[in-house]
Amino acid sequence: MTAGHPLVSLRKYPYPYRAALTICSDIDQTTPDAFLEIHRFLNTTHETSMGPGVGLEIGDSFWMYAAGPHPEQRLAYFAGLDPVEGPWAGLIRDFIRAGYLDCLHTYGDFNHYGGFQRELAVQGVRQFQDQGLRLDVWTNHGDRHNFQNIHEPWSLGDVAQTRYADGDQRDTAEYHMDLSRSLGIRFCWRSADLTQVWGQGRPLRLGDLCPWERLRHPRTWLRWLGPTLRAGVGSSGANALLEPVALRDGSSLYAFKRYGRFSQDRADDLGSMLSEQHLAQLIRDEAAAILYTHLGKRLNPSGPVIPEAAQAGLRRLARASQDGRIYVTTTSRLLRYCLARDQLRYAVAERAASLDITIDPGVDAAHLQGMTFYAEHAKPLRLLLGEQELPLRRNPPDHTGRPSVSIPPAPLSPEPLARYFVSHG
Ligand SMILES: [Zn+2]
C-alpha cells in the first residue's frame with residue numbers, strides 16, 4: 001500500500017463488511033440433479049425442497065472430462081474421455097458465464113486408474129477458448145494417480161520435462177500448466193494448503209500454534225511449526241490467504257488456503273464450520289475463510305440434498321451477509337478482490353477543488369469492485385485509474401465511526417440461470 005495519508009486509508013473489505021467467507025466445494029459425488037437443487041438453495045431465494053433459498057454468491061467446481069465410472073452422474077463438460085460435449089455442457093457454460101461455476105477441479109477424476117494425458121488439456125482448453133470461457137481457479141483432486149495435479153510432490157501437471165535414467169530429457173506426457181494458464185488459471189489449491197487455522201489474513205495466536213489436537217501428534221506438529229514460524233506469524237506470513245508459489249516449469253501461481261479437514265469433508269460438516277461462534281470470531285479477527293467441503297457428499301443419501309445442520313449454518317451465514325457483517329462471494333471473486341487489495345498502490349493529492357486518489361495503472365478496473373477507502377475530507381473526492389475517473393459511492397460511517405467511499409460492487413445475478421431453477425412442485 002502507499003505511504004499512509006492522514007486522510008485516506010484502504011478498508012480491508014468492501015463496505016460495510018468486516019470479514020469475508022466462501023465455500024469452495026469439490027465436485028466429487030455431486031450428481032447434476034443434486035447440483036441444481038444445491039445451487040437453487042445457495043444462489044436464489046426461490047422456494048426449494050429445503051425451504052426458501054439463501055440467495056448467496058457461492059460458486060462451485062466441475063470437471064472437464066467424465067473420467068471414471070458412471071460418467072452420466074458426473075458434472076463434466078465432455079461426455080467421457082473424448083472431447084465431445086456431454087449432456088451438461090450447456091449448463092456448465094451458463095453457470096460459468098453467470099459466475100457461479102468458477103473452479104476447475106482438475107480435468108477429470110483419474111483416481112485408481114490414472115490416464116490423464118496432455119492431449120486432453122489441448123482439446124479441452126481449445127474448446128473452452130472457442131466458447132470464450134475463462135477460469136482462474138484450479139483445485140487439485142484425489143489420489144496420486146492424478147498426475148495432472150499441480151505442484152504436489154508426486155504430480156506432473158507443472159513439470160514440463162522429465163529427465164530419464166539414460167540422461168535424456170523428454171516432454172512430460174501429463175504436463176498442462178502452460179495450457180491451463182492460457183485458460184486463465186492463476187490461483188491453485190494443493191493438499192498442503194488445507195489449514196486448520198480458522199480465518200486467514202490475520203496474525204496467528206498462541207492457540208493456533210499449539211492447538212490441543214495437534215499436540216497429540218507432536219512429530220507432525222513440529223514438522224508444521226518450523227516452516228510456520230519461519231514464514232512469520234503475521235497476516236501476510238504463514239497465515240496469508242494467498243501466497244505466490246514457484247512451479248516446476250519456471251512459472252508461478254498464487255496458492256490459496258482452504259479451511260477444514262480431510263476427515264470432515266462432507267456437507268454435514270458445514271454446520272459446525274458455520275457456527276455462530278465461528279462467524280463471530282471471523283468478524284472479530286477481520287479475517288477471510290474459504291471452506292473446504294464436498295457439497296454433494298453427505299452421511300444420509302436419502303435425507304435432504306443439503307443436510308439440515310448445513311442448512312442451518314448457511315442460514316446463519318446468510319444473516320451475517322444480509323446485515324453487512326460478512327462479505328460472501330465466489331472463490332474466484334474473493335481471491336481476485338484480496339489480491340487486488342493487497343497489491344493496490346495509490347497516491348493521494350490535494351487539488352484546488354478535490355482530493356484525488358490515483359491508483360497506479362496496470363490494475364484491471366473490473367478487479368477493483370467493492371474497493372473501499374476511508375476518507376474524511378471537506379473537499380469532494382475523486383478516484384482515478386490513470387486518466388480515467390472511476391465512479392464512487394459514498395458510504396455513511398461504519399462500525400468504526402468513519403465514513404468511506406467505494407467503487408460500487410456489481411453483484412452476481414442468478415437470473416440468467418432461471419430456466420435451471422424452475423419452481424419446486
Ligand atoms: Zn476431488
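Both ligands and their constituent atoms are indexed starting at 1 by order of listing. Nothing here was measured: the structure is a model prediction, and the numbers come from that model.
- Taking the N/O/S atoms of H141 in turn, the shortest distance to the Zn ion (ligand 1) belongs to ND1.
- Residue pairs meeting the salt bridge (charged side-chain N to carboxylate O under 4.0 Å, His left out) criterion with at least one partner in residues 273-295, sequence neighbours excluded, are R202-D285, R205-D285.
- Ring pair H278/W198 is parallel by interplanar angle, where below 30° counts as parallel and above 60° as perpendicular.
- Within the 2.8 Å limit, D26 places no N, O or S atom next to the Zn ion (ligand 1).
- Taking the Zn ion (ligand 1) as the corner point, the angle from D28 atom OD1 to H105 atom NE2 is about 90° (rounded to 10 degrees).
- Counting only N and O atoms by type, the side chains of S180 and Y107 include a donor and acceptor under 3.5 Å apart.
- The aromatic rings of H294 and Y292 sit perpendicular to each other, their planes meeting at more than 60°, with 30° as the lower class boundary.
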